[in-house]
S.K.: 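Quick one: the structure is below, questions incoming.
Just so it is clear, the values below take in all heavy atoms, side chains as well, and ignore hydrogens, waters and symmetry mates.
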Amino acid sequence: MAFTIIANVSESWLDRMHSWHIELFLVPTVLLTLDTLVLDLLLVACIFCSPVLRQETRYLLLANTLVADMTFASVNLAMVTYTVLRVPVQRVACEVAMAVTITAYCCAVLGVTFMVVDTYMAVRWPLHYDSILPPSRARKLSAGLWLLASMYPLSLIIILEALEEDAPQRLALCLVLITVGALGKEMMVGLHMFFTIGALLCFLIIIYCYVRLYVVTRRSGIWQQRYSRARVTVLSHGVLLLLYFMPGLVFTVELALFEHKHMAGQPNIWVNITNMSVFMLLPRALAPFLYGLRYREIYKTLKQLLFKRRQLNQVNTVS
């Protein structure tokens, strides 16, 4: 029954899209995705090519988040391209893309949350920090984040495959919203609880860590100057965290519109395409600037790598 609804809604949305110029949404999608992939790949290469950086827990957690962002941006680009160009997609491929997208998005949010926790622990217990979160434990934590983030989307695919018989092999559109919105009210309740509880826990953990960091460090003098590094760092991280959580809120609104029969047409299509093309990609395009390049060690390593490559190119040109 679910795949029948998915197929019908996909055909209905496809008919409405014929008269719109939604191919324009490919422009911000491609630009933001390229920015994410190029900068994130450079930062991840800096971290893993440097023996010093890859022994630091905070940089391993950052690399894990950047890998999740690159995975999300790549699959999201494929889904937006197929949607905008109105190319039919194999049902199994659509399910895999949906699972990877949700997993990568949740893993990135969890990764950002644990990066804040890592900063709090480094400031709160500096003498015991290396024993609490050594690099080996950070690698296990990163693998655990991927496992935790993949449990729910994989269970959705298993349920869909187990309940459906004679499901269509091809879908007119491959959108997470249509697939999730067609699961029924009982599954929707569980989905809302999953996202709401997860987002609320991450938000509360982040707020607690930042408040405790301020309480612990307020007498150190790092907050006295209006444009001190601590103030700018907290501000930039706050903006980035807001951008990471905002698409989830927009997706919740999309689900509400999808369930409302009178609002399930044009408004929902525009909101969904805008969310996929802009809102979900914006924090990932800004993360290298607001997180990665603000670390002095990463910036210096990247500068050295680029400088050495420039020197080698000059030597090769001269020779």
Side-chain angles (χ1 to χ4, degrees), residues 13 17 20-47 62-87 89 94 96-113 115 149 153 173-178 195 199 202 235-254 268-295 298-299 302 306:
W13 280 32
M17 288 179 179
W20 304 342
H21 296 286
I22 62 171
E23 62 273 6
L24 295 177
F25 283 98
L26 273 178
V27 176
T29 303
V30 172
L31 292 178
L32 293 174
T33 301
L34 287 178
D35 174 82
T36 301
L37 294 180
V38 172
L39 293 178
D40 285 3
L41 192 60
L42 283 174
L43 294 179
V44 171
C46 285
I47 293 173
L62 174 62
N64 182 68
T65 303
L66 295 178
V67 170
D69 284 347
M70 287 190 291
T71 303
F72 177 88
S74 301
V75 179
N76 184 76
L77 175 62
M79 296 178 68
V80 172
T81 303
Y82 275 88
T83 299
V84 169
L85 299 180
R86 297 183 283 274
V87 178
V89 184
C94 184
V96 172
M98 181 191 71
V100 173
T101 300
I102 297 177
T103 300
Y105 181 87
C106 294
C107 186
V109 173
L110 291 173
V112 171
T113 302
M115 287 170 62
L173 294 175
C174 180
L175 293 174
V176 176
L177 176 64
I178 297 178
F195 283 113
C202 291
L235 178 61
S236 61
H237 288 188
V239 172
L240 187 60
L241 291 170
L242 178 63
L243 292 175
Y244 266 105
F245 281 99
M246 185 179 67
L249 178 60
V250 175
F251 184 75
T252 304
V253 175
E254 291 180 57
N268 216 6
I269 298 175
W270 284 108
V271 172
N272 183 253
I273 296 297
T274 304
N275 198 26
M276 293 178 63
S277 302
V278 180
F279 295 150
M280 288 188 174
L281 295 176
L282 191 59
R284 287 155 180 84
L286 294 177
F289 301 101
L290 298 180
Y291 257 120
L293 294 176
R294 284 190 58 81
Y295 288 108
I298 293 181
Y299 179 76
L302 179 60
L306 295 178

S.K.: Could you give the distance from CE (M280) to OH (Y105), rounded to the nearest 0.5 Å?
M.R.: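 Going from the CE atom of M280 to the OH atom of Y105 covers 6.0 Å.
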
S.K.: Taking salt bridge (Lys or Arg N to Asp or Glu O under 4.0 Å) as the cut-off, I'd like each qualifying pair that reaches into residues 26-42, sequence neighbours left out, listed once.
M.R.: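 Passing the test, one end in residues 26-42: no pairs.
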
S.K.: Should I298 and L62 be marked as a side chain to side chain contact (heavy atoms under 4.5 Å, CB included) after you check the CA-CA gap, both sets of side-chain angles, and the distance that decides it?
M.R.: CA-CA 11 Å; I298 293 181; L62 174 62; 3.5 Å; yes

S.K.: Answer whether the closest heavy-atom distance between the side chains of S74 and L37 falls below 4.5 Å.
M.R.: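 Of all side-chain heavy-atom pairs linking L37 with S74, at least one is under 4.5 Å.
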
S.K.: With heavy-atom distances below 4.5 Å as the criterion, would you say the side chains of C107 and N64 are in contact?
M.R.: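 They are in side-chain contact.
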
S.K.: Provide the closest heavy-atom pair for T103 versus P153 in the form atom of the first, atom of the second, distance.
M.R.: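 Closest approach of T103 to P153, heavy atoms only: OG1-CG, 3.3 Å.
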
S.K.: Which heavy atom in P28 sits nearest to a heavy atom in L24, and how many Å separate them?
M.R.: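 In terms of heavy atoms, the two residues are closest at CD-O, 3.3 Å.
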
S.K.: Measuring from L39:CG to L302:CG, what's the distance to the nearest 0.5 Å?
M.R.: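 CG of L302 is found 9.0 Å from CG of L39.
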
S.K.: Rounded to the nearest 0.5 Å, what's the gap from CG on L281 to CG on L77? Could you check?
M.R.: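 Taking CG in L281 and CG in L77, the distance rounds to 8.5 Å.
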
S.K.: How long is the straight-line distance from CE of M79 back to OG1 of T29, given to the nearest 0.5 Å?
M.R.: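 The OG1 atom of T29 sits 12.0 Å away from the CE atom of M79.
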
S.K.: Testing the basics here: between L243 and P247, what is the closest heavy-atom pair and its distance to 0.1 Å?
M.R.: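 Smallest interatomic distance, heavy atoms only, reads O-CD, 2.8 Å.
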
S.K.: Under the rule for side chain to side chain donor-acceptor pair (under 3.5 Å), what residues qualify as partners of T113, not counting sequence neighbours?
M.R.: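 By the side chain to side chain donor-acceptor pair (under 3.5 Å) rule, T113 matches no residue at all.
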
S.K.: Would you check if L282 and M246 make a side-chain contact, meaning some heavy-atom pair closer than 4.5 Å?
M.R.: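 In short, these two side chains do not touch, never coming nearer than 4.5 Å.
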
S.K.: Counting only heavy atoms from other residues, nucleotides and ligands, does the tally under 6.0 Å from CZ of F25 exceed 12?
M.R.: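 Count over threshold, so yes.
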
S.K.: As an exercise, state the distance from CG of L286 to OG1 of T36, rounded to the nearest 0.5 Å.
M.R.: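 Between L286 CG and T36 OG1, I get 8.5 Å after rounding to 0.5 Å.
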
S.K.: Taking all non-hydrogen atoms of both residues, which atom of L110 and which atom of A149 are closest, and how far apart?
M.R.: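 Residues L110 and A149, closest heavy atoms: CD1-CB, 4.5 Å.
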
S.K.: Would you name the heavy atoms of T65 and Y244 that are closest together and state the gap between them?
M.R.: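 Smallest heavy-atom distance, with atoms named: CG2-OH, 4.3 Å.
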
S.K.: Hey, mind stepping through L175 and M276 against side chain to side chain contact (heavy atoms under 4.5 Å, CB included) and telling me if it holds?
M.R.: CA-CA 10 Å; L175 293 174; M276 293 178 63; 3.6 Å; yes

S.K.: Could you tell me whether the side chain of L32 reaches within less than 4.5 Å of the side chain of R284, counting heavy atoms only?
M.R.: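 R284 does not reach L32 side chain to side chain.
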
S.K.: Indicate the atoms forming the closest heavy-atom contact of A108 with D69, along with that distance.
M.R.: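 So the minimum-distance heavy-atom pair works out to CB-OD1, 3.3 Å.
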
S.K.: Measuring from atom OG of S277 to atom CG of L31, what distance do you get when rounded to the nearest 0.5 angstrom?
M.R.: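 If I round to the nearest 0.5 Å, the distance is 11.5 Å.
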
S.K.: Report the C-alpha separation of L241 and C202 in whole Å, then their side-chain angles, then the decisive distance to 0.1 Å, and conclude whether the side chain to side chain contact (heavy atoms under 4.5 Å, CB included) test is met.
M.R.: CA-CA 10 Å; L241 291 170; C202 291; over 6 Å; no

